[in-house]
Amino acid sequence: MVCLRIQSLSTTTISLCHHAPVSSALNFLIPRLQDLHDHRSVSSAHSRILRYGKSSDTIIGNHLLNAYIRCHQTEDAEKLFDEMQNSWNVVTWTSLMVCFVDAGREGRCLSLFARMRSDVIFLPNSFSLSTVINACALLADEATGRGIHGLVEILGFRLDVVVSTSLIHLYAKLNRVEDAGLVFDEMTVRNVVTWGSIISAYTQNGKANLALHLFGEFLRLKSSHPNHFMFSSAVNASASLGRLGIGKCLHATVIRHGHDGNDVIAGAIVDMYGKCGCIEQSTYVFQRIARPSVIPYTSMIVSAAKYGQAQFAVRIFNEMIVNGVKPNEVTFLGVLHACSHAGLVDKGLQYLRTMENDHGVSPCSKHYICAIDMLGRAGRLEEAYNLSKDFHAADNDALLLWTTLFSNSRMHGRLDLATEARSNIMKLSIRNPNDVAGAYVILSNAYATAGNCDGAMGIRHEMRRRRVRKDPGCSWVEIKNAAYVFYPGNLSPAGERETEVLELMKWVGSKMRDMGYESGGLSGLSNFVDEEETREMMIGMHSERIALAFGLVLAPNKGVIIRVMKNLRICLDCHEAFKLISVILDRTFVVRDLNRFHHFSHGICTCRDYW
DNA sequence: CTAGGGTTAG
């Protein structure tokens with residue numbers, strides 16, 4: 001590497017500028033610099049520039065700097081940057097900031113920006129601002145990010161589309177989706193990237209409904225066509241809502257716009273069909289991806305797992321290994337879930353034990369908890385407890401671990417182990433007041449099903465005292481491209497069809513009783529949320545049942561598969577009821593709960609009652 | 001000469 005001596009060269013360069021042959025050689029060199037993509041040719045261009053004595057020229061130096069950055073030569077870039085001290089401008093600084101972000105050293109990007117503000121007092125331009133905002137987003141550094149936002153306002157860059165779009169992205173990554181929305185609302189000029197950013201911001205922060213609403217608004221503007229980024233986010237939104245109608249419509253639009261060859265979109269569509277309960281469609285799209293990356297493979301494995309198709313999941317996993325695609329930690333969670341849902345306990349344990357040596361993915365607490373749940377549900381509780389000693393679970397993970405062990409011990413009548421787990425949960429919930437809602441609900445359910453009303457009331461009182469809130473249980477059903485959300489014991493979303501729905505429920509209820517079904521006889525309280533809700537649940541008004549009944553009223557045609565989505569797990573009682581209803585009415589329906597799919601037909605469910 | 005969106009789990 002040639003060493004630069006800028007100071008000694010700078011006085012002689014002026015005379016060289018008027019030297020015709022040298023000048024034309026440089027005119028030839030500058031556009032070339034932009035095309036250089038390998039280290040060797042950049043170095044040789046660098047030495048030629050030195051020979052011409054042009055190294056103190058800011059623009060040429062910046063070209064050279066960016067040529068090094070393009071080749072990921074961070075060290076050379078840093079060295080050149082230092083040597084350019086006398087010819088720095090804001091572009092030089094911004095270029096090195098970008099270099100650090102590309103190299104995954106976002107912290108150094110931030111310190112460089114701070115130095116630029118304090119040492120050399122260059123005013124940042126829109127490029128420096130969007131770069132540093134991007135660094136904050138990657139680091140999820142809220143304090144610095146908000147400071148930069150202030151600077152954007154002070155320096156008058158609020159109207160810059162790229163800067164404001166970066167801010168939307170920043171707030172999305174900070175899970176401050178309201179702030180992202182505020183930035184979006186205040187923008188006067190928006191482009192496709194802006195719309196794509198706000199749509200993914202809402203999708204990634206649990207506001208998929210809003211995301212889809214904005215996608216529709218963008219389409220109505222007809223200012224430009226949605227691109228593959230937007231489609232990926234929109235498909236993702238329909239997936240998380242389980243809105244098959246919208247998802248299908250998006251799939252068709254993706255094909256019409258010629259984006260079906262994009263692997264990221266295809267991966268999102270595989271996931272969407274999987275989450276909407278259409279494993280066949282999911283497989284169809286997956287098999288048409290030429291060279292699937294780890295993400296579509298993982299989506300396919302997870303879809304199969306949720307559908308209880310463990311053999312299929314394992315086949316896809318083997319296929320991906322044969323094709324040289326490296327699985328990641330999510331892939332293994334999918335494989336373990338597949339084994340767990342199908343009761344393939346030993347196969348699952350084998351994956352847990354070999355994943356590190358054979359595939360270089362070390363198991364984390366999520367994998368252990370999944371395996372422990374697998375053992376526990378199969379009744380192998382001693383092994384489950386032993387496995388729990390093999391890793392160190394902290395905070396939230398520890399709570400999840402003991403909650404899993406508690407419900408499994410209780411399910412298999414092991415009160416001794418349940419008591420131990422329970423006391424651990426109580427200890428942990430005192431130390432970690434956040435995220436204890438799930439544990440409280442499980443404890444309360446345990447008391448309620450055991451008929452211990454005082455115990456259940458005590459837990460509920462404790463929840464109120466500590467202001468622990470739990471998302472209300474609800475179910476929704478999509479009929480003719482409209483979604484209807486139902487809460488327990490409330491038929492009003494059915495509107496004018498309310499009476500018909502109630503009549504159907506009563507009629508089906510009497511038929512079920514003729515077949516020997518007793519409402520609440522199994523576990524009518526398992527989805528307990530609050531007192532009011534519990535009362536309604538006791539008379540068999542779980543939200544999934546209302547949603548199903550409403551779906552049956554609105555879509556009486558036997559060929560229509562009713563798809564019910566639920567934000568909690570389906571309870572045993574409803575599971576039994578749905579099997580009977582599929583016989584009584586000779587219908588097929590699919591329930592997506594928190595964990596997996598249940599496909600009811602002819603009195604049986606695809607989960608074979610093991611979930 | 002320098003800048004901004006997307007997909008898998010929980």
Side-chain angles (χ1 to χ4, degrees), chain A residues 30-31 33-34 57-67 69-70 89-99 101-102 109 124-135 137 157 160-170 172-173 180 190-201 203-204 226-237 239-240 259 262-272 274-275 289 292-303 305-306 327-337 364-367 369-370 396-397 400 435 438 594-595:
Chain A
I30 292 178
L33 273 174
Q34 294 175 286
D57 183 295
T58 299
I59 295 191
I60 291 175
N62 286 346
H63 272 294
L64 197 53
L65 181 63
N66 282 290
I69 293 170
R70 263 198 310 279
N89 70 0
V90 68
V91 177
T92 324
W93 282 75
T94 306
S95 301
L96 195 63
M97 283 162 52
V98 171
C99 175
V101 173
D102 287 349
C109 169
N125 64 16
S126 58
F127 289 78
S128 355
L129 289 169
S130 49
T131 303
V132 77
I133 291 166
N134 187 22
F157 282 104
D160 187 286
V161 193
V162 179
V163 171
S164 284
T165 302
S166 309
L167 284 172
I168 292 176
H169 180 231
L170 166 71
K173 293 291 168 215
R190 301 172 182 133
N191 61 20
V192 188
V193 184
T194 318
W195 283 91
S197 301
I198 192 69
I199 288 167
S200 78
T203 308
Q204 290 166 359
N227 59 17
H228 49 280
F229 291 99
M230 277 177 121
F231 275 121
S232 309
S233 297
V235 169
N236 187 218
S240 64
H259 287 304
N262 180 295
D263 280 3
V264 173
I265 297 183
I269 291 173
V270 169
D271 178 58
M272 181 274 293
K275 284 184 176 155
I289 302 176
S293 71
V294 62
I295 291 173
Y297 268 120
T298 304
S299 294
M300 192 69 251
I301 289 168
V302 171
S303 297
K306 288 195 169 153
N328 63 21
E329 64 276 21
V330 185
T331 318
F332 277 104
L333 267 179
V335 172
L336 287 173
H337 267 120
C364 68
S365 28
K366 285 185 170 59
H367 298 98
I369 291 169
C370 184
N396 231 337
D397 285 339
L400 197 60
D435 299 308
L594 203 56
N595 286 332

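The analysis underlying the following values was restricted to heavy atoms, covering all of them including side chains, and did not include hydrogens, waters or symmetry mates. Residue numbers start from 1 in every chain, and the chains themselves are labelled A, B, ... in the order their sequence lines are given, proteins ahead of strands.
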Between A:Thr298, A:Val302, A:Ile295, which is the residue that forms a side chain to side chain contact (heavy atoms under 4.5 Å, CB included) with A:Thr331?
A:Thr298

By nearest atom, which of the nucleotides B:dG5, B:dT8, B:dA3 is closest to the A:Asn236 side chain?
B:dT8

Closest approach to the side chain of A:Asn62, judged atom by atom: which nucleotide of B:dG4, B:dT2, B:dC1 is it?
B:dC1

Which listed nucleotide (B:dT2, B:dG4, B:dT7) is nearest to the side chain of A:Ser166?
B:dG4

Winner on side-chain proximity to A:Leu333, out of B:dG6, B:dA9, B:dT2, is B:dA9

Taking syn as any angle within 90 degrees of 0 and anti as the rest, which one fits B:dG5?
syn

Starting at atom CD1 of A:Ile301, determine the distance to atom C1' of B:dT7, rounded to an integer number of angstrom.
15 Å

What I'd like to find out is whether the side chain of A:Leu170 reaches to under 4.5 Å of the side chain of A:Leu167, using heavy atoms alone.
yes

Which part of the nucleic acid does A:His228 contact within heavy-atom distance under 4.0 Å: base, sugar-phosphate only, or nothing?
base

Under 4.0 Å between any heavy atoms, over every strand shown, what does A:Gly267 touch: base, sugar-phosphate, or nothing? Just pick one.
nothing

Is the phosphate of B:dA9 approached by A:Lys275 (side-chain N or O, under 4.0 Å from OP1 or OP2)?
yes

Report yes or no: is the ring centroid of A:Phe229 under 5.5 Å from the six-membered base ring centroid of B:dG6, with the two planes under 30 degrees?
no

Does any N or O in the side chain of A:Ser164 come within less than 3.5 Å of the main-chain N or O of A:Val161, such that one atom is a donor and the other an acceptor?
no

In whole Å, I'd like the distance from the CG atom of A:Leu336 to the P atom of B:dG10.
11 Å

Between P on B:dG10 and CG on A:Asn328, what's the gap in Å once rounded to a whole number?
13 Å

Atom CG of A:Asp271 to atom P of B:dT7: distance rounded to whole Å?
10 Å

Do the side chains of A:Pro124 and A:Val132 get nearer than 4.5 Å, heavy atoms only?
no

Counting only distance, no hydrogens or angles, is the base of B:dG4 paired donor-acceptor with the side chain of A:Thr165 under 3.5 Å?
yes

Between B:dG6, B:dT8, B:dT2, spot the one nearest the side chain of A:Thr298, thanks.
B:dT8

Of all the nucleotides listed (B:dT2, B:dG6, B:dA3), which has the minimum atom distance to the side chain of A:Val162?
B:dA3

Among the nucleotides B:dT8, B:dG6, B:dT2, whichever has the atom closest to the side chain of A:Val91 is B:dT2

Between B:dG10 (P) and A:His337 (NE2): distance, integer Å:
5 Å

Rounded to whole angstroms, how far apart are CG on A:Asn227 and P on B:dG4?
15 Å

Look at all strands and tell whether A:Val235 reaches a base, only sugar-phosphate, or nothing, counting heavy atoms closer than 4.0 Å.
nothing

Select base, sugar-phosphate, or nothing to describe what A:Ser233 touches, counting heavy atoms under 4.0 Å on all strands.
sugar-phosphate

I'd like to know if the side chain of A:Asn66 and the backbone of A:Asn62 have a donor-acceptor N/O pair within less than 3.5 Å.
yes

Check the distance between B:dA3's P and A:Asn89's CG and give it to me in whole angstrom.
14 Å

Counting only side-chain N and O atoms of A:His259, is one of them less than 4.0 Å from OP1 or OP2 of B:dG6?
no

Nearest-angstrom distance from the residue atom CG of A:Leu96 to P of B:dA3:
13 Å

Looking at B:dG4, B:dA3, B:dG10, which one has an atom nearest to any side-chain atom of A:Phe127?
B:dA3

Under 4.0 Å between any heavy atoms, over every strand shown, what does A:Val193 touch: base, sugar-phosphate, or nothing? Just pick one.
base

With a 3.5 Å cut-off and heavy atoms only, can you find an N or O donor on one side and an acceptor on the other between the side chain of A:Thr131 and the base of B:dA3?
no

Picking from B:dC1, B:dG4, B:dT8, which would you name as closest to the side chain of A:Ile295?
B:dT8

Does B:dT7 have its OP1 or OP2 closer than 4.0 Å to a side-chain nitrogen or oxygen of A:Gln204?
yes

Answer yes or no: is there a side-chain heavy-atom contact under 4.5 Å between A:Lys306 and A:Asn595?
no

Base, sugar-phosphate, or nothing: which does A:Val163 touch, judged by heavy atoms less than 4.0 Å apart?
nothing

Quick note, A:Val330 side chain, CB onward, closest among B:dT8, B:dT2, B:dG6 is B:dT8

Students often get this wrong, so: under 4.0 angstrom with heavy atoms, is A:Thr92 touching a base, only sugar-phosphate, or nothing?
nothing

Looking at every strand, decide which applies to A:Glu329 at a 4.0 Å heavy-atom threshold: base, sugar-phosphate, or nothing.
nothing

Check the phosphate of B:dG6 against A:Ser200, side-chain N and O only, distance under 4.0 Å to OP1 or OP2. Yes or no?
yes

A:Ser128 side chain reached by A:Trp93 side chain, heavy atoms, under 4.5 Å:
no

Any A:Ile289 side-chain heavy atom under 4.5 Å of A:Val270 side chain
yes

